[in-house]
Amino acid sequence: MATTGIDYPKELNPDQLAAATAPPGPALVLAGAGSGKTRTLTYRVAFLVENGLPPENILLLTFTNKAAREMLERVRNLLPHDISRLWGGTFHSVGNRILRRHAPAVGLEPGFTILDRDDARDLLAACFPAIGVDPKEKRFPKAGAILELLSFSANTTRPLDELLATGYAHLEEFADALSRLADEYRKRKLASNAADYDDLLTLPLDLLRRDPRLARHYQDRWACVLVDEYQDTNRVQADFIDLVASAHRNVTVVGDDAQSIYSWRGANFENILSFPDRYPGSRVYRIELNYRSVPQILSLANASIANNSRQFPKALRSTLAAGVRPHLVATPDADGQARFIAREILSLHSDGTPLREIAVLYRAHAHAIELQMELVRCHIPFVITSGIQFFEQAHVKDVAAYLKTAFNPFDEIAFKRVARLMPGVGDRSAEKLWQRVRGQSEWPEDIAPAKAVKDWRQLRQLIAQLRAQPGPSVPDAISWILDACYRDMLNLKYDNHQQRIDDIQQLQEFSRRFDSVPDLLAQLSLMTGLDASYGGADDGDVLRLSTVHQAKGLEWEAAFVIMLCDGAFPLGRLIDDEAQLEEERRLFYVAVTRAKKRLYLTFPQMRFGRGAAGGDLFQRPSRFLTELPPGLAEPVQIRIPRETAHRGHRHRDAEFDPWDWS
DNA sequence: ATTCGGCCGGTTTTT
DNA sequence: CCGGCCGAAT
């Protein structure tokens, strides 16, 4: 059996071992936070390969590229086998690979473009006139909101009118226009030879359903399907798994229903709850031994999640010696909270905790502005895993648009983006130009407005050059774009042009690993913020600020969970709906289980000028704190230094008792 | 008729 | 800090 000497019983605990070496057949592995979920899945892959399953017969689906990369890397280190033919990656990247092979069957060319969220919104907005909706009509929903609706509909497979009747009643009066808009949008995507994120999931599934022979091909190929983070799958993803695994029924799904936090994106944690019913005879493995956090942190996490009704009952047990109780810190306001955190971080740091082992987690980016200012003041270096990704920045998207225009002559959004970079060209001129060049391999000369004649000639020549055979290497293509026109454009437009050029050169460096421009473009669209592999941006010893969503799967010695006020975490408008509140609680559970040794739960007792409500607001502590049994956290009395009682706020120089929330 | 600069307002979470 | 809206400039 074993040929490479992996000593499974030695390297895995008994629960992990049972899951990793499970016999063929459907298996559900319920692996709690910090229990070695990735490790187990990695060893499962190794186990299968070692027992004679060729790697090309394995499909490994993950939630992020990073997770896939790490797992495959670890398998490579465990085994001498060549696993390059193993299909591993995110659902979207696997969908992309399938579509590239069978693009014509769904009405696309293999070189199709992937529309990111902004591209998709722009294309949808461009559909408004065609269905006779005035985009200036104030009452009509914005393109972004409609896209969200369409996306939710696609990911949950719930038809538009059903959604409109239930969760989106305020849009119901527009039902007719919205459904025509959806049709138009679908047509325009095909006409642009483009697919949005949702298409990467739905089109392959539709294709396999329509073509049983093709389905059979993939079913045979993937004798074994493994899925990470199964609790975050949506209906389309679950259906895809069910379809490709239906021949062999060798499907291992790993997940933790307590960490399902993506329902707003269509994820349905009923998928994991109902797995045993949908796969009769499946085995269920529980891994509850936690290697990450001290017992006091797990006690709090267990107590919190116990307030949820829909779940597999579970309790994490720590393998670590007792540490300290989580600290519960009330501050007068957000500035006080920021000062407390900064001070505590400096103290942790001087006690030997590197900054990179500390994180501040929050519900929404806006919750951290006061803290950011305080950190700058205290010279504490930090990085934010921002909502804006490297490749979503305007200049990176501009360069991508040049490439898309060159390699996909039907890409309307990319062309218009490039056209509008020329002086004197706005929406109208861009549309006129588009009518003249759509699908053309060669563009007419002198069709641009007077002010852009020179720029048009440059652009025309650049595109011809990029399209010439044999094509340029990917880094060369980017150089050509910079040299032809884009460097000048940046210099004119931005005062931080050097920074932007540096970014593009970093992109160029990253692009070396790709053989073709379409490969690069697809990869760019599918990367996440945490997959920041384009450069060693965050190697230094820096503090991390992150939303809880983006912190999933990560861990730190010390974590601060901040802004724990009712209305901020849980977020205001989600409190009334019991299902959404339970998701917020799962999010809180994810947050607290990121901490290994020290956990701080902080909340300001007052926040200021929050728009709609108007004026200052006294805050209730988060119900996720008040509902906990007493004694799980250590109330910390903080002294507010005198200089903080300024700007007319009504604080006394006093001590605050966080448990006194009368 | 368009473009483009300036200002205001608002913001959940993201493959 | 980004997108949308309005008004001045072309």
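Since the structure is predicted, the reported quantities are computational estimates derived from the model, not experimental observations. Order of the sequence lines sets the chain letters (A, B, ...), proteins ahead of strands, with each chain counted from 1.
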- prompt: Within 45° of the ring axis of A/Phe63 and under 6.0 Å from its six-membered ring centre, is that where the NZ or CZ of A/Lys552 lies?
  reply: yes
message: Working to the nearest 0.5 angstrom, can you tell me the gap between A/Lys189 NZ and A/Ile413 CD1?
response: 12.0 Å
message: Does A/Pro449 reach a base, just sugar-phosphate, or nothing at all? Heavy atoms under 4.0 Å.
response: nothing
For atom CG of A/Asp228 and atom C1' of B/dT15, their distance in whole Å: 14 Å
- prompt: Of all the nucleotides listed (B/dT2, B/dT15, B/dT12), which has the minimum atom distance to the side chain of A/Thr90?
  reply: B/dT15
- prompt: Looking at A/Phe269, does the NZ or CZ of A/Arg586 lie under 6.0 angstrom from its six-membered ring centre and within 45 degrees of the ring axis?
  reply: yes
- prompt: Among side-chain atoms of A/Gln580 and A/Asp577, is any donor-acceptor pair under 3.5 angstrom?
  reply: no
- prompt: Is the base of B/dT2 touched by the side chain of A/Arg428 through a donor-acceptor pair closer than 3.5 angstrom?
  reply: no
statement: With both pairing distances under 3.5 angstrom for Watson-Crick or G-U wobble, and | for a partner in another strand, the correct string for DNA chain C is .|||||||||
message: Please report the distance, rounded to the nearest Å, between CG in A/Asn155 and P in B/dT13.
response: 18 Å
- request: Quickly work out the A/Lys552 NZ to B/dT15 C1' distance and round it to whole Å.
  value: 12 Å
statement: note: A/Leu61, atom CG; B/dT15, atom P; distance rounded to Å ~ 16 Å
- prompt: Whole Å only: how far is the CG atom of A/Leu147 from the P atom of C/dG3?
  reply: 15 Å
Closest-nucleotide 5' rank along DNA chain B - winner of A/Gln580 and A/Gly424: A/Gly424
Spacing between A/Asp118 atom CG and C/dC2 atom P, to the nearest angstrom: 11 Å
Check: B/dT13 base within 3.5 Å donor-acceptor of A/Arg363 side chain: yes
statement: From CZ of A/Arg265 across to C1' of B/dT15 the rounded distance in Å is 5 Å
- prompt: Can you find a side-chain donor-acceptor pair between A/Gln231 and A/Glu229 that sits under 3.5 Å?
  reply: yes
- prompt: If only atom types and distance count, is the side chain of A/Arg100 paired as donor or acceptor with the main-chain N or O of A/Phe112 below 3.5 Å?
  reply: yes
task: Mind checking A/Val548 for me? I need base, sugar-phosphate or nothing, with any heavy atom below 4.0 Å counting as a touch.
output: nothing
- line: Assert: residue with more 5' nearest nucleotide on DNA chain B, out of A/Leu571 and A/Met422, is A/Met422
- request: Name the nucleic acid region contacted by A/Asp427, choosing base, sugar-phosphate or nothing; use a 4.0 angstrom heavy-atom cut-off, strictly under.
  value: sugar-phosphate
task: Using a 4.0 Å heavy-atom cut-off across all strands, classify A/Ser429 as base, sugar-phosphate, or nothing.
output: sugar-phosphate
- prompt: Within the structure, does a side-chain N or O atom of A/Gln550 lie under 4.0 Å from either OP1 or OP2 of B/dT14?
  reply: yes
- request: Would you please confirm or rule out a distance under 4.0 Å between OP1 or OP2 of B/dT15 and any side-chain N or O of A/Thr64?
  value: no
- prompt: If you measure from the ring centre of A/Trp264 to the centre of the six-membered ring in the base of B/dT13, is it under 5.5 Å, with the planes under 30° apart?
  reply: yes
A/Ser525 side chain to A/Asp116 side chain, donor-acceptor N/O pair below 3.5 angstrom: no
- prompt: Between A/Glu412 and A/Arg188, does a salt bridge (Lys or Arg N to Asp or Glu O under 4.0 Å) hold up when you go through it step by step?
  reply: CA-CA 9 Å; A/Glu412 175 180 345; A/Arg188 290 261 193 138; 3.2 Å; yes
query: In whole angstrom, what separates A/Leu150's CG from B/dT14's C1'?
result: 17 Å
